[in-house]
Amino acid sequence: MDVSYLLDPLNNEQREAVTAPLKHTLVLAGAGSGKTKCLTHRIAWLLEMEHARPYNLLAVTFTNKAANEMRSRIDALLNQSTRGLWIGTFHGIAHRLLRIHWSDANLPQLFQILDSDDQLRTLRRVVKSLQLDDKVWSPKKVQHFINARKDEGLRAADIVADGDAWLAQMLVIYHAYEETCQRTGVVDFAELLVRVYELLRDNPLLLEHYQQRFRYLLVDEFQDTNTIQYQWLHLLAGSQGKLFVVFDDDQSVYSFRGARIENIQNLRQDFTDTCLIRLEQNYRSTGTILAAANALIANNKSRLGKKLWTQDKAGEPVFLYAAYSETDEALFVVDKIKGWYGKRNEVAILYRTTAQSRVFEEALLQKGIPYRIYGSLRFYERLEIKDMLAYLRLLLHRDDDGAFERVVNTPKRGIGGRTVDVLRGVARQQSVSLWKAAHIVIETQQLKARASHSLTAFLNLIKQLVEQVKGLPLPEQVEVVKITSGLVAHYKKENKEEAQRRLENLEELVNAARQFKPRGFQEQGIDAVAGVPPLPKGSILDSTGFGTIAGDLRHFLDHAVLEAGEGQGAPSEDCVQLMTLHAAKGLEFQVVFLCGLEEGLFPHQNCVGELEEERRLCYVGITRARQYLYLCHSESRYRYGTRESGKPSRFLDEIPDELIQKVRLSSSVPPFKLSGTKPVDD
DNA sequence: CCGTTTTCGGTTTTT
DNA sequence: CCGAAAACGG
């Protein structure tokens, strides 16, 4: 078979990785070294040369973006069908397995997924129902505690308080939360992972099936895996499965959300017969930029060690600008951008904290340069969208307390906090859902006439919606809910710009429903693939397929939670890109401005113990730049109301002087010359 | 129930 | 200092 199309575009190391023997393979892939190419070509290689069938492969990523990218690149590369090839995020794949095996996973068939916002609301209710002071047991803290434990694969029952009163109380809350979720049939993000791990661990026949099926496990950004993800991979690989993981220990910047860089070492210990391949040739940046990056990251003690190199020329020096103030910094950056004649979306302004974006935004606005800030509110997280989704959830599942609470008085229909308190009381006492409690409360006449009347009206509204929507295709269901729920009328009343936007977003949601083409799940015959033992009898497959009313709607809701989508709206071309360093990971730009390089801000004061991770973050920032890299720091900066002076970041000292060119001496432009900005010392 | 006042926190974030 | 969210008063 002629596989030159697969191998010719690769360098020696990439080829070595793509054609590696069937051992567990670790690919240390530096920034810009072609790791996605490596992964996609490896998949093609396995299919073409190792007689793998598409359903033998499982490729896992962290973000939907990465998963989509991988899928489209594979489709472009291969001429054969990739039916049965699973590519997805850890959460997406876990979710898929839970939908198939909902019964074995001890979940209701129509289980719902909680996003972080819904989780927080749920926790607020749990803390309140335990009569705890939410100042001491702040739902946010509790949320963090629980998620951190779940990331470690620990349930409340797995943790021993051992005389620690604080921990004991936390565990009580954790227990109560688990119970609430189970009772109401909801699953948070971390739970997807824990559940699916337990599902396979506790069902040997299921495990056997998937171990036989997924002979080849490919993992992107392996340095970002957390404990439960690693345990799951470990379990799924079994003794036969072959791992192919791509990682860069120097780009591990997510320990704060549970990523365990040690998983690389764990993998090498837990799996014998591993091989490590390094991709160090960089196809992105100039020699100078790489030299700066290499010098910086060399200061980290704990790393496997690698040195990026390029065939490219040295290029321009790294420019350094010392500003007086954050305003000066922004004006400098904007000034440079004005002098840039390339495409504007090839320019990125990167910073450590989101708060820093404001000054740049103002400066860009003032000069009329179009820009786009990443990480602003995502489409499916908008208030009005979440309200609509809550109605839809309620239609699917009347006992969804979260959805009930959200819409019971949205739009305002005279059901205030007092009324809902009564419902909550009855619900808790009789351990039923709010929906059922509402019926009980009305029947037993526990409310004043007016409240009772309003509540009855609400219940009838939902029942009416259920009837109206029955048998309609998804987009029309959404349309009906949009009108009948009263949300449109609700927003129309306010004649503000904001209200107009909300209405547009609601319309956009109907649009999204119209265009919604669920993918994945196409193959229901997964138990009949050749060479794989059938799924054990008693596995109850997901029967709410497409075409069914509940099925379409449910898939749409799943999609909304799991793939909340970027800011929506046209990804307006020709905009300067503003984002945090974390958001920039995986991207590249012709020109990069790395701003706010000051002690306390970057490295951030809260990260004194995590200095190496801060340095990696800086490394990520530097290696985003293809051609021009500007580093900025400011002598002073407004923080928490007062102007504070800041020393240049230690990271600047770690970049060799000969690579750096200072753009302008601080003294050459005194602060009072800045027009249209606040004086430095006010 | 709704608009105003007060209080609080303020690193990074995908799913 | 600034914005969000909780508490308060009409």
Side-chain angles (χ1 to χ4, degrees), chain A residues 60-67 88-96 113-121 124 134-135 138-141 143-144 147 150-151 187-194 196 221 224-226 228-229 252-259 326 350-359 374-376 378 380-381 383 409-420 450-451 454 494 558-566 579-586 596 600-608 610 613-614 616-618 620-621 637-644 678 682:
Chain A
V60 206
T61 64
F62 278 86
T63 64
N64 290 304
K65 200 174 157 204
T89 62
F90 277 97
H91 292 85
I93 284 167
H95 173 240
R96 192 164 171 175
I113 308 166
L114 294 185
D115 68 12
S116 354
D117 189 58
D118 296 329
Q119 183 188 36
L120 189 61
R121 287 161 180 274
R124 265 199 263 274
D134 62 1
K135 292 266 158 48
S138 95
K140 276 226 174 72
K141 290 249 162 62
Q143 183 182 34
H144 184 258
N147 288 339
K150 287 194 182 185
D151 285 348
V187 165
D188 63 50
F189 287 130
E191 181 72 23
L192 290 168
L193 304 174
V194 179
V196 91
E221 306 265 26
D224 288 338
T225 50
N226 64 28
I228 189 68
Q229 286 161 341
S252 162
V253 293
Y254 282 115
S255 72
F256 70 91
R257 64 178 200 214
E326 69 281 353
L350 308 182
Y351 35 77
R352 176 68 237 264
T353 68
T354 23
Q356 286 166 257
S357 69
R358 231 196 64 215
V359 196
Y374 271 69
S376 47
R378 309 217 252 134
Y380 287 106
E381 284 165 3
L383 196 80
N409 200 31
T410 314
K412 304 277 179 284
R413 48 173 73 89
I415 305 172
R418 294 231 45 91
T419 309
V420 180
R450 205 166 71 174
S454 308
E494 311 164 41
D558 288 344
H559 161 83
V561 184
L562 240 31
E563 297 170 48
E566 257 302 318
M579 68 191 84
T580 63
L581 286 156
H582 283 91
K585 199 174 148 215
L601 185 61
F602 192 30
H604 199 276
Q605 54 208 359
N606 297 12
C607 300
V608 276
E610 295 272 28
E613 179 146 321
E614 290 289 285
R616 289 194 289 266
L617 196 54
C618 189
V620 167
R637 181 179 296 277
Y638 258 124
R639 283 188 101 188
Y640 309 141
T642 48
R643 180 160 288 285
E644 286 170 16
K678 288 179 212 159
D682 63 352

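Convention: sequence-line order gives letters A, B, ...; per-chain numbering from 1.
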Q) Would A/D115 and A/R378 pass as an ion pair if we require N to O under 4.0 Å? A) no
Checking all strands, does [X] fall into the base, sugar-phosphate, or nothing category for heavy-atom contacts under 4.0 angstrom?
X      : result
A/D188 : nothing
A/K135 : sugar-phosphate
A/L114 : nothing

Among [options], which nucleotide has an atom closest to any side-chain atom of [X]?
X      : options                : result
A/N606 : B/dT11, B/dC2, B/dT15  : B/dT11
A/H91  : B/dT15, B/dC1, B/dT11  : B/dT15
A/Y254 : B/dT11, B/dT13, C/dA6  : B/dT13
A/H604 : B/dT11, B/dT13, B/dT15 : B/dT11
A/T353 : B/dT11, B/dT14, B/dT15 : B/dT11
A/R124 : B/dC1, B/dT15, C/dA6   : C/dA6
A/R378 : C/dA6, B/dT11, B/dT15  : B/dT15
A/R358 : C/dC2, B/dT14, B/dT11  : C/dC2
A/E381 : B/dC1, B/dT11, B/dT15  : B/dT15
A/Y640 : B/dT13, C/dA7, B/dT11  : B/dT11

Q) Does OP1 or OP2 of B/dT14 have a side-chain N or O of A/S116 closer than 4.0 Å? A) no
Q.
Check the phosphate of B/dT14 against A/N64, side-chain N and O only, distance under 4.0 Å to OP1 or OP2. Yes or no?
A. no
Rounded to the nearest Å, what distance is computed from the [atom1] atom of residue [X] to the [atom2] atom of nucleotide [N]?
X      : N      : atom1 : atom2 : value
A/D151 : B/dT13 : CG    : C1'   : 12 Å
A/L601 : B/dG10 : CG    : C1'   : 12 Å
A/E326 : C/dC1  : CD    : C1'   : 12 Å
A/K140 : B/dT13 : NZ    : C1'   : 14 Å
A/R257 : B/dT15 : CZ    : C1'   : 8 Å
A/H144 : B/dT13 : NE2   : C1'   : 11 Å
A/H559 : B/dT15 : NE2   : P     : 12 Å
A/D117 : C/dA4  : CG    : P     : 14 Å

(Q) Tell me the closest heavy-atom pair linking A/L601 and A/R352, and the distance in Å. (A) O-CG, 3.2 Å
Would you say [X]'s side chain and [Y]'s backbone share a donor-acceptor pair under 3.5 angstrom?
X      : Y      : value
A/Q229 : A/L193 : no
A/H95  : A/L192 : no
A/E610 : A/C607 : no

Q: For A/L562 and for A/G414, find the nucleotide of DNA chain B with the closest heavy atom, then tell me which residue's nucleotide is more 5'.
A: A/G414
Q | 5' precedence on DNA chain B between A/N409 and A/A583 (nearest-nucleotide basis) | A | A/N409
Q.
Under a 3.5 Å cut-off for both contacts, is B/dT11 paired Watson-Crick or G-U wobble with anything, and if yes, with which nucleotide?
A. none
Q: Rounded to whole angstrom, note down the P distance from B/dT11 over to C/dA4.
A: 16 Å
Q) With distance as the sole criterion, is a donor-acceptor pair present between the side chains of A/Q143 and A/Q119 under 3.5 Å? A) yes
Q | Rounded distance (nearest 0.5 Å) linking atom CD of A/E614 with atom CG of A/L581 | A | 9.0 Å
